[in-house]
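The shown structure was predicted, so the numbers you read here are calculated from the model rather than taken from an experiment.
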Amino acid sequence: MDNFYIVGELFGHVRKRQPWADPKIVKRLFDAKFYALLGERTAADNEKPIKKKKEKPVKVEDKSTADDVPPPNPSEEELNPFLIFPSPEENFKVHTEVFFSDESVFRACNSKETLEKHLKAIQGKVLTRFPPEPNGYLHIGHAKAMFVDFGLAKERGGGCYLRYDDTNPEAERKEYIDHIEEIVQWMGWEPYKITYTSDYFQDLHDLAVELIRRGHAYVDHQTPEEIKEYREKKLNSPWRERPIKDSLKLFDDMRRGMIEEGKATLRMKQDMQSDNFNMYDLIAYRIKASFTPHPHAGDKWCIYPSYDYAHCIVDSLENITHSLCTLEFETRRASYYWLLDALGLYLPHVWEYSRLNVTNTVMSKRKLNRLVTEKWVDGWDDPRLMTLSGLRRRGVTSTSINAFVRGIGITRSDSSIINLNRLEYHIREELNKTAPRTMVVLNPLKVVITNLEVGSVMDLNAKKWPDAQTDDASSVYKVPFSNVVYIEHTDFRIKDSKDYYGLAPGKSVLLRYAYPIKCTDVVLGDDKVTVLEIRAEYDPSKTTKPKGVLHWVAESSPGVDPLKVEVRLFDKLFLSENPAELDDWLGDLNPNSKVVIPGAFAVPSLGNAAVGDRFQFERLGYFAVDKDSTPEKVVFNRTVTLRDSYGKVVK
């Protein structure tokens, strides 16, 4: 039995060694050889081997593997994830077969002449493209696309086009075009060239005319509803077999604006009976009779190509060696190759990878647009969104995003949503090394030190880095210490306990970089519950060795409050890990995703912080200066908390 079931494996080896061989002939030769060796097949040979049932993969990544646990030692492919891609010289091989309803098979590959012409044009370079639509802001999913497209080109010493897929003038704006170019550069990528699909509108039109001449396209008059119905029933359009000369004339009428919008489309003559719905005579051109001005091409055109028509042709015209996209486009591969073959154009190597999905957020443009336009969030760069501009405003670095994407890999596995904790791990890893330490008190509680003279102010050294040397002026900053300091409300309790390391009546704590203090009295409000003020004594000799260490901020002048700053605490935007699958996804919004603290106290040096500066607020987390800051008040966004055991003070 096993002898017959290794045929598939042997067949695969032959296909790799002889890609041009006819599979039917190979199969007949195999059958003849096995018959000569083994004789007739028996009933046992026909029994299928028992296969173990595959376990359904979890949909959401396990938190235990995504939290602050460093990943294991990387494999060779993790160190260089681009090893899986072939060289341009190998693009004569067949790696896609398109099966038609008449049982014919199209084996997509380049002829020797076509490949030689392509290789001469690229001069040995790998050329990829990053083709965003300029109809919204880029999100973290685009960071993975950039990593794959720009990363492969960089690793092979080639180039990556930044190509705006601008085929829909009604949805595109210059604001989005400018944003995309800026974000690509912020992410650390340098485009080989910046192009637009609209740069090729004349070429695309001329090739559409050629497609009609070759009998592979026709002008259709079905309504969108009729097209949908006919596709569902796998029926040909009544106009599918109209004469070529009629389609040529009608397409020219479409171009000249002589046909109303919605009254005609140009459709590719593919295979309406195919098992692949992306071969159901896809639309190549639509009419925009209003002559909607195009942000880049102006008002020359009233017909616009579809994505399915334009994308593959422009890939070919730009001599793209590797056309890389996410897995939802896999079923379009047949149409991609069919069209290029129908026009006799060069065929790039197409490969799909899993898209990046992250927990507790949404990333569809439609949902993001609704969040912004209905003002559920504060614009496209709201720090709670997974847009790249939102992450940047929150204080996340481009290098930590790229490290996150590299760690995930670029495989075709599409079974899970990556836990947000995994991204936060990479953010902390970088900020821990690059963000200087400082002190801010979010919910100040006044502490009056009774054995320190009123008006006495000491300038103490505080470390910017844990291992900083105090004799290195660049590694320390000055903090005033006076008889009035402020600690967090949550760092004081009336009733002490063994597992509590904060301040309590009769108990001592160490003020970070300063002195031990001991609570001697508590001033309560009229309700006899609310703590208004603490009285304490400090130990100038530092002989007391308390276990608890608190951050603090002091008055720098008698009766003058410390520097007041605004702090915005951001959390997950949605309560559920996968809100996109909920019917009422807006009802899943986290009401505490943004908490504003307008009156936090900070050390004086933070008054000079500039927009974008990042800090670790000791015991609180990592924070960045927001663009809403003014000379009167600095605004900080929380980028990410410290590890849970340290972040309880602000939760």
S.K.: Using the ring centroid of each side chain, check whether Tyr307 and Phe329 are separated by less than 6.0 Å.
M.R.: yes
S.K.: Does any donor atom in the side chain of Tyr336 or Arg333 lie under 3.5 Å from an acceptor atom in the other side chain?
M.R.: no
S.K.: What pair of heavy atoms forms the shortest contact from Thr361 to Pro579, and how long is it?
M.R.: O-CG, 3.5 Å
S.K.: Would you check if Leu127 and His118 make a side-chain contact, meaning some heavy-atom pair closer than 4.5 Å?
M.R.: no
S.K.: Any side-chain heavy atom of Arg163 sitting closer than 4.5 Å to one from Tyr196?
M.R.: no
S.K.: Step through it carefully: locate the ring centre of Trp301, locate the ring centre of His205, and say whether they are under 6.0 Å apart.
M.R.: yes
S.K.: Mark yes or no for whether Arg384, through its side chain, and Leu573, through its backbone, hold a donor-acceptor pair below 3.5 Å.
M.R.: no
S.K.: Looking at Tyr337 versus Phe106, is the centre-to-centre ring distance below 6.0 Å?
M.R.: no
S.K.: Hey, does the side chain of Tyr346 reach the backbone of Asp315 with a donor-acceptor pair shorter than 3.5 angstrom?
M.R.: no
S.K.: Can you check whether Phe574's main-chain N or O pairs, donor with acceptor, with Asn360's side chain at less than 3.5 Å?
M.R.: yes
S.K.: Which atom names give the shortest non-hydrogen contact between Ala284 and Met268, and what distance separates them?
M.R.: CB-CG, 4.2 Å
S.K.: Have a look at Asp281 and tell me which of Gln270, Gln222, Arg240, Lys269 forms a side chain to side chain donor-acceptor pair (under 3.5 Å) with it.
M.R.: Arg240
S.K.: Centre-to-centre under 6.0 Å for Tyr285 and Phe251, is that the case here?
M.R.: yes
S.K.: NZ of Lys263: more than 12 outside heavy atoms within 6.0 angstrom?
M.R.: no
S.K.: Could you check whether any side-chain N or O of Asp253 sits under 3.5 Å from a backbone N or O of Met258, counting only pairs where one atom can act as donor and the other as acceptor?
M.R.: no
S.K.: NZ of Lys367: more than 12 outside heavy atoms within 6.0 angstrom?
M.R.: yes
S.K.: Set out, in order, the CA-CA distance, both residues' side-chain angles and the distance that settles side-chain hydrogen bond (donor to acceptor under 3.5 Å, both in side chains) for Lys144 and Ser354, then state yes or no.
M.R.: CA-CA 10 Å; Lys144 180 173 182 178; Ser354 59; 3.2 Å; yes
S.K.: Assess the side chains of Asp102 and Ser104: does a donor N or O sit below 3.5 Å from an acceptor N or O?
M.R.: yes
S.K.: Does Asp252 form a salt bridge (charged side-chain N to carboxylate O under 4.0 Å, His left out) with Lys249? I'd like the steps, not just the answer.
M.R.: CA-CA 5 Å; Asp252 191 55; Lys249 181 182 182 305; over 6 Å; no
S.K.: Report yes if some heavy atom in the side chain of Glu330 is under 4.5 Å from a heavy atom in the side chain of Val350; otherwise report no.
M.R.: no
S.K.: Determine the minimum heavy-atom distance between Ser247 and Ile212, stating which atoms define it.
M.R.: CB-CG2, 3.7 Å
S.K.: Test side-chain hydrogen bond (donor to acceptor under 3.5 Å, both in side chains) on Arg129 and His311; report intermediate values, then the result.
M.R.: CA-CA 11 Å; Arg129 83 287 175 272; His311 182 71; 3.0 Å; yes
S.K.: Is there a side-chain contact between Arg242 and Trp239, using heavy atoms and a 4.5 Å cut-off?
M.R.: yes
S.K.: Can any side-chain N or O of Thr265 pair as donor or acceptor with the backbone N or O of Ile283 at less than 3.5 Å?
M.R.: no
S.K.: Distance to the ring centre below 6.0 angstrom and angle to the axis at most 45 degrees; does that hold for Arg370 and Trp376?
M.R.: no
S.K.: Given side chains that start at C-beta, do those of Pro86 and Asn91 come closer than 4.5 Å, heavy atoms only?
M.R.: no
S.K.: Mark yes when over 12 heavy atoms from residues, nucleotides or ligands other than Asp275 sit less than 6.0 Å from its CG; otherwise mark no.
M.R.: no
S.K.: Can the ring centroids of Phe82 and Phe147 be said to lie less than 6.0 angstrom from one another?
M.R.: yes
S.K.: Compute whether any side-chain donor of one residue and acceptor of the other, for Tyr280 and Glu232, lie under 3.5 angstrom apart.
M.R.: no
S.K.: Run the numbers on Leu586 and Glu374 for side chain to side chain contact (heavy atoms under 4.5 Å, CB included), then give the verdict.
M.R.: CA-CA 11 Å; Leu586 287 171; Glu374 295 181 10; 4.2 Å; yes
S.K.: Under a plain distance cut-off of 3.5 Å, with no hydrogens placed, do Ser335 and Asn278 share a side-chain donor-acceptor pair?
M.R.: no
S.K.: For salt bridge (charged side-chain N to carboxylate O under 4.0 Å, His left out), just list the numbers for Lys233 and Glu229, CA-CA rounded to whole Å, side-chain angles, deciding distance to a tenth of an Å, and then say yes or no.
M.R.: CA-CA 6 Å; Lys233 296 178 179 178; Glu229 179 187 351; 2.9 Å; yes
S.K.: Answer whether the closest heavy-atom distance between the side chains of Trp380 and Tyr176 falls below 4.5 Å.
M.R.: yes
S.K.: Between Ser198 and Asp166, do the side chains contain an N or O donor and an N or O acceptor separated by less than 3.5 Å?
M.R.: yes
S.K.: Between Phe201 and Tyr304, does the ring centroid distance fall short of 6.0 Å?
M.R.: yes
S.K.: I'd like to know if the side chain of Asn419 and the backbone of Val358 have a donor-acceptor N/O pair within less than 3.5 Å.
M.R.: no
S.K.: Taking Ser400 for its side chain and Thr397 for its backbone only, find out whether a donor-acceptor pair lies under 3.5 Å.
M.R.: yes
S.K.: What heavy-atom pair brings Arg267 and Asp220 nearest, and what distance separates the two atoms?
M.R.: NH1-OD2, 3.0 Å
S.K.: Measure from the side-chain N and O atoms of Thr128 to the backbone N and O of Asp149, and report whether any donor-acceptor pair falls under 3.5 Å.
M.R.: yes
S.K.: For Phe85 and Trp351, I'd like to know if the aromatic rings sit close, meaning centre-to-centre distance below 6.0 Å.
M.R.: yes
S.K.: Would you check if Pro191 and Trp189 make a side-chain contact, meaning some heavy-atom pair closer than 4.5 Å?
M.R.: no
S.K.: If you apply the rule salt bridge (charged side-chain N to carboxylate O under 4.0 Å, His left out), what do you find for Glu261 with Arg286, and how did you get there?
M.R.: CA-CA 8 Å; Glu261 184 172 347; Arg286 291 183 176 89; over 6 Å; no
S.K.: Please report the closest heavy-atom contact between Pro134 and Ile180, naming both atoms and the distance.
M.R.: CA-CD1, 3.9 Å
S.K.: Checking Arg231 side chain against Met272 main chain: does a donor-acceptor pair fall under 3.5 Å?
M.R.: no
S.K.: What is the minimum heavy-atom distance between Gln273 and Asn236, and which atoms define it?
M.R.: NE2-OD1, 3.6 Å
S.K.: Distance only, no hydrogens: is a donor on one side chain within 3.5 Å (strictly under) of an acceptor on the other, for Glu352 and Thr326?
M.R.: no
S.K.: Between Arg406 and Pro81, is there a side-chain heavy-atom distance shorter than 4.5 Å?
M.R.: yes
S.K.: Applying salt bridge (charged side-chain N to carboxylate O under 4.0 Å, His left out), run through Asp381 and Lys627 and close with a yes or a no.
M.R.: CA-CA 11 Å; Asp381 65 347; Lys627 66 178 186 179; 2.6 Å; yes
S.K.: Test your reading of the model: is there a side-chain donor-acceptor pair from Glu172 to the backbone of Glu133, 3.5 Å cut-off?
M.R.: no
